[in-house]
Amino acid sequence: MSSKRHILTAVAWPYANGPRHIGHVSGFGVPSDVFARFQRMSGHDVLMVSGTDEHGTPVQVLADQEGVTPRQLADRYNQVIVEDLVALGLSYDLFTRTTTGNHYAVAQELFTGLYDNGYIFTRTTKGAISPSTGRTLPDRYIEGTCPICGYDSARGDQCDNCGNQLDPIDLIEPRSKVNGEVPEFVDTEHFMLDLPAFAEVLGTWLTSKSGQWRPNVLKFSLNLLHDLQPRAVTRDLNWGVPIPLEGWSDNANKRLYVWFDAVVGYLSAAVEWAKRTGDPDAWRRWWQDPEAESYYFMGKDNIVFHAEIWPAMLMGYSGIGDRDGGAGSLGALNLPTEVVSSEFLTMEGRKFSSSRRVAIYVRDFLERYSADALRYYIIAAGPETQDTDFTWAEFVRRNNDELVAAWGNLVNRTISMAAKYIGEIPEAGDLTDDDRRVLDHSRAAFAAVGEHLDRSRFKAGLQEAMRTVAEANKYLSDQAPWALRKTDPDRMRTVLHVALQLVDDAKTLLTPFLPASSNKVHTMLGGTGMWSVMPHVEDAVDTIGGDGEPTTYQVITGDYAASQARWESVPVRPGTPLSAPTPLFTKLDPAVADEEVARLENAVK
RNA sequence: GGGGCGGUAGCUCAGCUGGUCAGAGCAGCGGACUCAUAAUCCGUGGGUCGCGGGUUCGAGCCCCGCCCGCCCUACCA
């Protein structure tokens, strides 16, 4: 902890086919931000990157349905998602998108490197295409009668009635879910990533992570090694990154498969970030220094890409694997230090489902409640190691009893008293054993909470931080400074000094979780300047969609180095003027829970 | 079908490599206090740890079988 580390915080790329719901941000968003903020406060060099994932069939299909181009659709949802993530206070160094010229170039470079080293080969496969467009028709978009049970709405990949896995070519009377036409099964040539060539190196690497990663991620990944198959990296589609090979690059209907380019985003975003800082090689400190660390945050549905496929791509590009060959022109690239996957959030007992509108969108949520209230709930009750259920009643309860009653009220009662009785932060007189003990505990909490956060145990970290809040409330009850006011004013001043110090420490401990409210407390305690810098939206310029003209788009970034926040107890300064505080959080009427559930029921109808 | 994860007090969840591990918070009940967004503090009842076997001196924690939920199964990021 003493030396400065380079820590890449790689956050899953939200797919730009709609607004994101609170399940999404509880998986990748809030935990990664808590981690990044904590590491920055600890003095480390953090690079936190992500962006919207905008290619692929789902975007294309949705765009067709709405009568817009995929690019227009991606633009729209990129914008929505950027606004939501900024509103949540997620401190990306760069949140960009996969449709930039920079991203195209880096994705193609990865492809080329893998190809040159012999890890990508072509294979002719039988695939369904839409006869009217010539595009790949994914299995899930094909419907027909199940050859096994006769169910007439079986999907191409699986029959929902009998549960059997299917091959779309076996469906009786297959039809496209997109437009009803009969799909055509044609021979089509695709590039494949030779995953089996990495089985051994992946196994060695994964095994070395034993005891470090969350066990479910590790077990799951190791198990996948038993049956690695080559995986297609191209599709018949014109919405995506062109294939950078002679004879293929101008094929309008053959593109890199969306997963391939999306996962390269972690690297391309780092490169883009470096260019923006004016030091184009700056990204190398996080990707090529052997001491640098990288943490990837995502939901459990993405483990295979982050613990298996992306590492294989990095190895292949770097010249590690069954076949020899050197590193590509960027040089060898670091493998993930840790893949931090969270489980899923359900919603009042049901799965989130955008199509059935069983969802609470980030935007709707933040219109009515604060970002910190949501952040608090996600960390305190979110799906860190197992699926958890979001209920409005529990949200209201946590907000009212924990945020408002415990923390908000501690801030309020302490500063109120100090402001009313003294008007400034008082000097401490002689400290009693009780004073010293509670101050020691508070200081010790930095190591305890920090240990949890460094190991991505956010729930435990928050609990530990909130314990100091409870201790401070107890301290006030025990010492009763309001009663000392008449009997022993000097002692009262000491008690309030100690209490204010506890509040200040708790504010620091809670900063990674609740940055906006910690900033408020900083100000209330007479602090000036910016305690913990929040992200902002900024214009960037690049070519978009791979075609010529440079365009302006918006990115999330921030000058986080300007933050004063450090992971340590800082003595409060006696004499600092204090004024009556304003409430830190809003208490919610319990009726809110019923209203929100009703709103959800109506949406479902 | 195969694989992964989970099923612990009324509710939401902790319990890492088997031996105070039967816990926390909330809700309930009783009390204290009044500085504070009626907030806070103290005390207290409550569980056959999904079901059935097994290993062990000892098992929520290990093994086997079953039931239920969720996720993945590589063409819904």
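To find a chain, count down the sequence lines: A is the first, B the second, and so on, and within it residues start at 1. Below, each value reflects all heavy atoms present in this structure, side chains not excepted, and no hydrogens, waters or symmetry copies.
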Requested in this report: Check every strand shown and say whether A:Asp301 touches a base, only sugar-phosphate, or nothing at a heavy-atom separation below 4.0 Å.
Outcome: sugar-phosphate
Query raised in the report: If you look at every strand shown and take non-hydrogen atoms under 4.0 Å, does A:Leu584 touch a base, only sugar-phosphate, or nothing?
Result: base
Query - Watson-Crick or G-U wobble partner of B:rC33, both distances under 3.5 Å - result: none
Query raised in the report: On a plain distance test, is the side chain of A:Asn409 in donor-acceptor contact with the base of B:rA36 below 3.5 Å?
Result: yes
Query raised in the report: Can you tell which of B:rC33, B:rU12, B:rA77 lies closest to the side chain of A:Glu394?
Result: B:rU12
Query raised in the report: Within a radius of less than 6.0 Å around CZ of A:Arg455, do more than 12 heavy atoms belonging to other residues, nucleotides or ligands occur?
Result: no
Query raised in the report: Counting side-chain heavy atoms from C-beta on, which of B:rU37, B:rA77, B:rC35 comes nearest to A:Pro583?
Result: B:rU37
Report task. Pick base, sugar-phosphate or nothing for A:Lys474, based on heavy-atom distances below 4.0 Å to the nucleic acid. Result -> sugar-phosphate
Query raised in the report: Of the nucleotides B:rC35, B:rC71, B:rC75, which one has an atom closest to the side chain of A:Lys420?
Result: B:rC35
Report task. Assign A:Arg235 to base, sugar-phosphate, or nothing according to its heavy-atom contacts below 4.0 angstrom with the strands shown. Result -> base
Report task. Using a heavy-atom cut-off of under 4.0 Å over every strand shown, decide if A:Glu402 touches base, sugar-phosphate, or nothing. Result -> sugar-phosphate
Report task. Name the pairing partner of B:rC66, where a pair is Watson-Crick or G-U wobble with both distances under 3.5 Å, or state none. Result -> B:rG50
Report summary line: Picking from B:rU12, B:rC41, B:rA74, the nucleotide nearest the side-chain atoms of A:Gln229 would be B:rA74
Query raised in the report: OP1 or OP2 of B:rG4 sitting under 4.0 Å from any side-chain N/O of A:Lys300?
Result: no
Report task. Measure from the ring center of A:Phe395 to the ring center of A:Tyr369 and say whether it is less than 6.0 Å. Result -> yes
Report task. Under 4.0 Å between any heavy atoms, over every strand shown, what does A:Ala405 touch: base, sugar-phosphate, or nothing? Just pick one. Result -> sugar-phosphate
Requested in this report: Answer with yes or no after comparing the ring centroid distance for A:Phe198 and A:Tyr119 against a 6.0 Å cut-off, counting only values under it.
Outcome: yes
Requested in this report: Using a 4.0 Å heavy-atom cut-off across all strands, classify A:Tyr421 as base, sugar-phosphate, or nothing.
Outcome: sugar-phosphate
Query raised in the report: A:Arg467 has an atom CZ; how far is it from atom P of B:rA14, in whole Å?
Result: 15 Å
Query - Spacing of A:Leu195 atom CG relative to B:rA74 atom C1', expressed in whole Å - result: 9 Å
Report task. Remember a base hit wins even if backbone is also touched, and classify A:Arg397 as base, sugar-phosphate or nothing at under 4.0 Å, heavy atoms. Result -> sugar-phosphate
Query raised in the report: Can you tell which of B:rC41, B:rC35, B:rC13 lies closest to the side chain of A:Arg413?
Result: B:rC35
